[in-house]
There are 2 protein chains.
Amino acid sequence: MSNTTVENIILGCLSFGPRSGYEIKKIISMSSSWFYNASYGSIYPILKKHEDNGLVSSEETVDNGRYKRIYQLTPKGYKVFEKWMLESPKLMTVKYEMAVKLMFFAHLKPGQRIKQVEQHIEQLILFKQELEEIEPYAASEGDFYQRLILDWGENLYSFLIEWFGKFLDELKNNSGDVPINSKTRE
Amino acid sequence: MSNTTVENIILGCLSFGPRSGYEIKKIISMSSSWFYNASYGSIYPILKKHEDNGLVSSEETVDNGRYKRIYQLTPKGYKVFEKWMLESPKLMTVKYEMAVKLMFFAHLKPGQRIKQVEQHIEQLILFKQELEEIEPYAASEGDFYQRLILDWGENLYSFLIEWFGKFLDELKNNSGDVPINSKTRE
DNA sequence: TTATTCATGTAATTTGTTACATGATTCT
DNA sequence: AGAATCATGTAACAAATTACATGAATAA
């Protein structure tokens with residue numbers, strides 16, 4: 001059976017050097033959490049599984065009197081990681097509750113529609129700001145590609161904010177209603 | 001405990017009229033599958049659960065000698081659905097394996113980078129075409145908002161194709177390498 | 001007549017989160 | 001002294017998919 005994406009992310013984190021489970025969690029939170037996340041409840045069992053499969057080896061260390069289990073990629077683990085890197089990636093999956101609600105927007109009253117969209121735009125702006133706050137970290141810790149995906153994220157959220165902004169304008173111009181039979185926009 | 005998004009989608013599908021589980025699956029596949037999907041293994045148990053909770057009622061019918069169980073929203077079910085519609089939607093979650101791979105792109109050889117991005121763009125174009133094929137269905141079966149989310153999806157994939165297209169150009173201009181220390185793009 | 005679509009449903013498995021338990025160290 | 005962070009790990013639960021089982025009706 002092939003590895004899951006999270007299992008491969010963990011191999012990927014170790015490809016930059018030995019890390020503890022705690023450090024891996026940090027890296028994921030700071031760089032990929034908004035398009036792929038992992039909790040301790042995933043990370044530690046996966047590290048154990050990787051060790052059982054000979055993809056990583058671990059060593060107990062004491063760092064400033066602090067117990068740590070440091071994991072390291074084995075040659076076999078690196079091969080598995082490399083193979084995965086060359087495979088065609090799975091298609092993106094999006095879970096977007098706002099889009100679901102949009103499906104049933106006809107049931108809302110005009111004022112409610114406007115309010116929902118306004119609130120959603122606020123949410124998007126807030127999230128984009130959070131992404132922008134990661135930037136200094138990515139600039140210091142990450143390489144070119146880590147910064148690149150941050151750029152991608154910011155562009156994605158700009159797109160969403162813009163799209164919903166246009167939709168909001170349309171709603172407002174029609175007092176929360178939409179022109180019946182209007183064609184979709186270019 | 002509150003309903004999950006999928007549980008609410010099912011209520012939403014029934015808000016347009018009585019439907020069978022099979023029909024609900026069809027609707028979801030044709031309109032929301034690319035941002036929220038559900039399999040029979042989810043739908044049938046959820047319908048049973050909704051009935052236990054008094055949110056839907058069901059009736060066994062025979063349609064052209066064909067057994068069908070038709071579900072209908074109860075007033076209580078409609079209230080629960082309406083309440084959910086007015087709540088602030090959960091933030092979007094994205095699972096984007098290509099973005100994960102991008103994190104570790106430094107490990108690939110220049111030629112491999114170009115190939116991966118090219119293949120990914122092809123995938124995106126294919127998926128966008130699939131979305132466009134839904135359009136006739138949405139135009140005939142769906143209302144304004146169903147068409148709107150299709151429009152959103154097409155715009156989203158256009159954005160992705162464009163973004164990766166720019167990235168590919170950059171890679172090609174540097175024979176698969178990227179300028180060290182180059183700043184992220186505007 | 002045979003493949004496809006219609007139609008419902010369950011069981012096993014996968015994947016992952018949340019909450020908990022535990023305890024050391026460091027910052028204020 | 002106390003709060004926050006470092007650090008590891010498990011158990012219970014949640015959500016959902018996949019695969020299977022079943023069978024009727026219809027289109028090729």
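Below, chains carry the letters A, B, ... as their sequence lines are ordered, and counting in each starts from 1. Just the heavy atoms: all of them, side chains too, but no hydrogens, waters or symmetry mates, feed the values below. Since the model is a prediction, treat every value here as computed from it, not as a measurement.
Between the P atom of C/dT8 and the NZ atom of B/Lys26 lies a distance of 12 Å, rounded to the nearest Å. To the nearest angstrom, C1' of D/dA16 lies 16 Å from OH of B/Tyr44. Whole-Å rounding puts the A/Ile43 CD1 to D/dT8 P distance at 10 Å. For the pair B/Asn64 CG and D/dT26 P, the computed distance is 6 Å after rounding to whole Å. In this entry the distance linking OH of A/Tyr22 with C1' of C/dT25 reads 12 Å, nearest Å. In this entry the distance linking NZ of A/Lys25 with C1' of D/dG9 reads 14 Å, nearest Å. Between B/Ile27 atom CD1 and C/dC6 atom C1' the separation is 15 Å, expressed in whole Å. A straight line from CG of B/Asp63 to P of D/dG23 spans 21 Å, rounded to a whole angstrom.
Both A/Lys48 and B/Thr5 lie close to DNA chain D; mapped to their nearest nucleotides by heavy-atom distance, the more 5′-ward contact belongs to A/Lys48. Across the interface with DNA chain C, nearest-nucleotide mapping of A/Tyr40 and B/Gly41 shows B/Gly41 to be the residue nearer the 5′ end.
Within the nucleic acid shown, A/Gly21 comes within 4.0 Å of sugar-phosphate atoms alone, with no base atom in reach, counting heavy atoms only. Among the heavy atoms of the strands lying under 4.0 Å from B/Thr4 are primed sugar atoms or P, OP1, OP2 only; no base atom is included.
Between the A/Asp143 side chain and the A/Gln146 main chain, a donor and an acceptor come within less than 3.5 Å of each other. Formation of a donor-acceptor pair under 3.5 Å by the A/Arg113 side chain with backbone atoms of A/Phe105 is found in this model. Between the side chain of B/Thr74 and the backbone N or O of B/Gly77 there is at least one donor-acceptor pair closer than 3.5 Å. A/Gln116 contributes a side-chain N or O that, together with a main-chain N or O of B/Met85, makes up a donor-acceptor pair within less than 3.5 Å. Under a 3.5 Å cut-off, the side chain of A/Glu51 and the backbone N or O of A/Val56 do not form any donor-acceptor pair.
Taking side-chain N and O atoms only, B/Ser42 has no distance below 4.0 Å to OP1 or OP2 of D/dA16. For D/dA15, neither phosphate oxygen OP1 nor OP2 lies less than 4.0 angstrom from any side-chain nitrogen or oxygen of A/Lys95. In terms of phosphate contacts, B/Ser20 brings no side-chain nitrogen or oxygen within less than 4.0 Å of OP1 or OP2 of C/dC6.
A/Asp151 and A/Asn155 are linked by a side-chain donor-acceptor pair at a separation below 3.5 angstrom, with hydrogens and angles left out of the test. B/Thr5 and A/Lys95 form no side-chain donor-acceptor contact under 3.5 Å, judged by distance and modelled atom types alone.
No more than 12 heavy atoms of other residues, nucleotides or ligands lie within 6.0 Å of NZ in B/Lys79, so this atom counts as exposed by the packing criterion.
Using a 4.0 Å cut-off on heavy atoms, none of the residues of residues 78-90 of chain B approach DNA chain C. If you check residues 66-74 of chain B against DNA chain C, the residues with a heavy atom closer than 4.0 Å are B/Arg66, B/Tyr67, B/Lys68, B/Arg69, B/Tyr71, listed by number.
In this structure, B/Met98 and B/Gln123 have side chains that are not in contact, with every pair of non-hydrogen atoms separated by 4.5 Å or more. The shortest side-chain heavy-atom distance between B/Lys172 and B/Glu118 falls under the 4.5 Å cut-off.
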